[in-house]
Visitor: 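Structure incoming, see below.
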Amino acid sequence: MSFRLSSIVPTATTSTENSMNPMHREPNGSLPTSDNPNKDLELGKGADDTTDYMQRAQWLRASVLGANDGLVSVASLMIGVGAASSTSKAMLVSGLAGLVAGACSMAIGEFVSVYAQYDIEKTLIERGEANDVEENKEPLANPLLAAGASALAFLVGGLLPLLAGAFIKSWGARLGVVSGVSSLGLVVFGAVGALLGGAKPYKGALRVLIGGWLAMLITYGILKVFSVLFHININSSG
């Protein structure tokens, strides 16, 4: 008996080609299973991590970033008023007004924004175009919760410069304390926001710190020029 080599080689070649073809189906019509079962687990883990970071991003915007906005807004306002006034009462009143107005603005803006997202999600579910939301049982956006978190975060951030420098009598020391405490808060908020977002903390801290310094410097510079040009000097006892 003799065997021809050509009758064996094509069979092996065909089997190899079929195993390399991702669209090849087995005789029973099913796709071939993966040789590495851990690969699917790794892919699933990556998807879960991505979803987790996306959910974190919503709360970062309403908490850490809200606190950063409060700190920068109130500190810049107090430093700007300090450019035209040497009294502690003027800085206290301006900082308090900015704190209340900013918290209300953040809460209303967040409420309107998240409520629009809530309406969209609800409409998609009613039309049957968001089955994945129903299957995963994910809660819809909560406008009241987001508004409250945003306002609270703004208040926490804005209280740092307000309490730090509003009651210091010396003008130079007051501006120095407000700037120093604000800088420290910017570093902390930036690092925490970057850490929770999966980025390097020092990069986030540096980015937020530079942005806060620019805001305070620009505000002080503009108000100082304005007070000099129009001879504005708010002075009173206290």
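Note: hydrogens, waters and symmetry copies are ignored here, and every other heavy atom, side chains too, is used.
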Visitor: What's the separation between atom CZ in F154 and atom SG in C104, rounded to the nearest 0.5 Å?
Guide: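 Reported to 0.5 Å precision, the distance equals 9.5 Å.
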
Visitor: Could you check V74, D69, N68 and say which one makes a side-chain contact (heavy atoms from CB on, under 4.5 Å) with V72?
Guide: N68

Visitor: State, yes or no, whether a side-chain contact exists between M91 and S85 at a heavy-atom distance under 4.5 Å.
Guide: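 No; the side chains remain at least 4.5 Å from each other.
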
Visitor: Who are the side chain to side chain contact (heavy atoms under 4.5 Å, CB included) partners of N142, not counting sequence neighbours?
Guide: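 By the side chain to side chain contact (heavy atoms under 4.5 Å, CB included) rule, N142 matches L144, L145.
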
Visitor: Of the non-hydrogen atoms in P143 and Y118, which two are nearest, and what is the gap between them?
Guide: CG-CB, 4.4 Å

Visitor: Are L159 and V187 connected, step by step, through hydrophobic side chains (Ile, Leu, Val, Met, Phe, Trp, Tyr) whose heavy atoms are closer than 4.5 Å?
Guide: yes

Visitor: Would you check if S182 and L160 make a side-chain contact, meaning some heavy-atom pair closer than 4.5 Å?
Guide: no

Visitor: Can you tell if the side chain of V225 reaches within under 4.5 Å of the side chain of F230, non-hydrogen atoms only?
Guide: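 No - every pair of side-chain heavy atoms lies 4.5 Å or more apart.
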
Visitor: Which heavy atom in R174 sits nearest to a heavy atom in S86, and how many Å separate them?
Guide: NH2-O, 3.2 Å

Visitor: Work out which heavy atom in L162 is nearest to a heavy atom in M78; give both atom names and the distance.
Guide: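 Shortest heavy-atom contact: CA-SD, 3.8 Å.
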
Visitor: Is there a path of hydrophobic side-chain contacts, each under 4.5 Å between heavy atoms of I, L, V, M, F, W or Y residues, that connects V177 with L71?
Guide: yes

Visitor: Can you give me the closest heavy-atom contact between I79 and S179, atom names plus distance?
Guide: CD1-OG, 3.6 Å

Visitor: V156, L99: one ILVMFWY side-chain cluster at the under-4.5 Å cut-off?
Guide: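 Shared cluster, no.
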
Visitor: Between V178 and G165, which heavy-atom pair has the shortest distance, and what is it?
Guide: CG2-CA, 3.7 Å

Visitor: Do the side chains of L96 and L155 join up, straight or via other hydrophobic residues, at under 4.5 Å, putting them in one cluster?
Guide: yes

Visitor: Please determine whether the number of non-hydrogen atoms from other residues, nucleotides or ligands lying under 6.0 Å from atom CZ of F111 exceeds 12.
Guide: yes

Visitor: Examine L92 and I168 and state if one hydrophobic cluster contains both, with Ile, Leu, Val, Met, Phe, Trp and Tyr joined whenever side-chain heavy atoms are less than 4.5 Å apart.
Guide: yes

Visitor: Identify the heavy atoms of A146 and V114 that sit nearest to each other, and give their distance.
Guide: CB-CG2, 3.6 Å

Visitor: Sequence neighbours excluded, which residues qualify as ring-ring contact (aromatic ring centres under 6.0 Å, His included) partners of F167?
Guide: none

Visitor: Given 3.5 Å as the limit, does a donor-acceptor pair link the side chain of S227 with the main chain of K224, or not?
Guide: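 At least one qualifying donor-acceptor pair exists.
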
Visitor: Can you tell if the side chain of P161 reaches within under 4.5 Å of the side chain of V181, non-hydrogen atoms only?
Guide: no

Visitor: Distance-only, no hydrogens or angles: does the W171 side chain make a donor-acceptor pair with backbone N or O of G82 under 3.5 Å?
Guide: yes

Visitor: Show me the donor-acceptor pairs within less than 3.5 Å that the side chains of residues 197-222 make with the rest of the protein, sequence neighbours left out.
Guide:
| unit_1 | atom_1 | unit_2 | atom_2 | d |
| --- | --- | --- | --- | --- |
| W213 | NE1 | S183 | OG | 2.8 |
| T219 | OG1 | A215 | O | 2.7 |

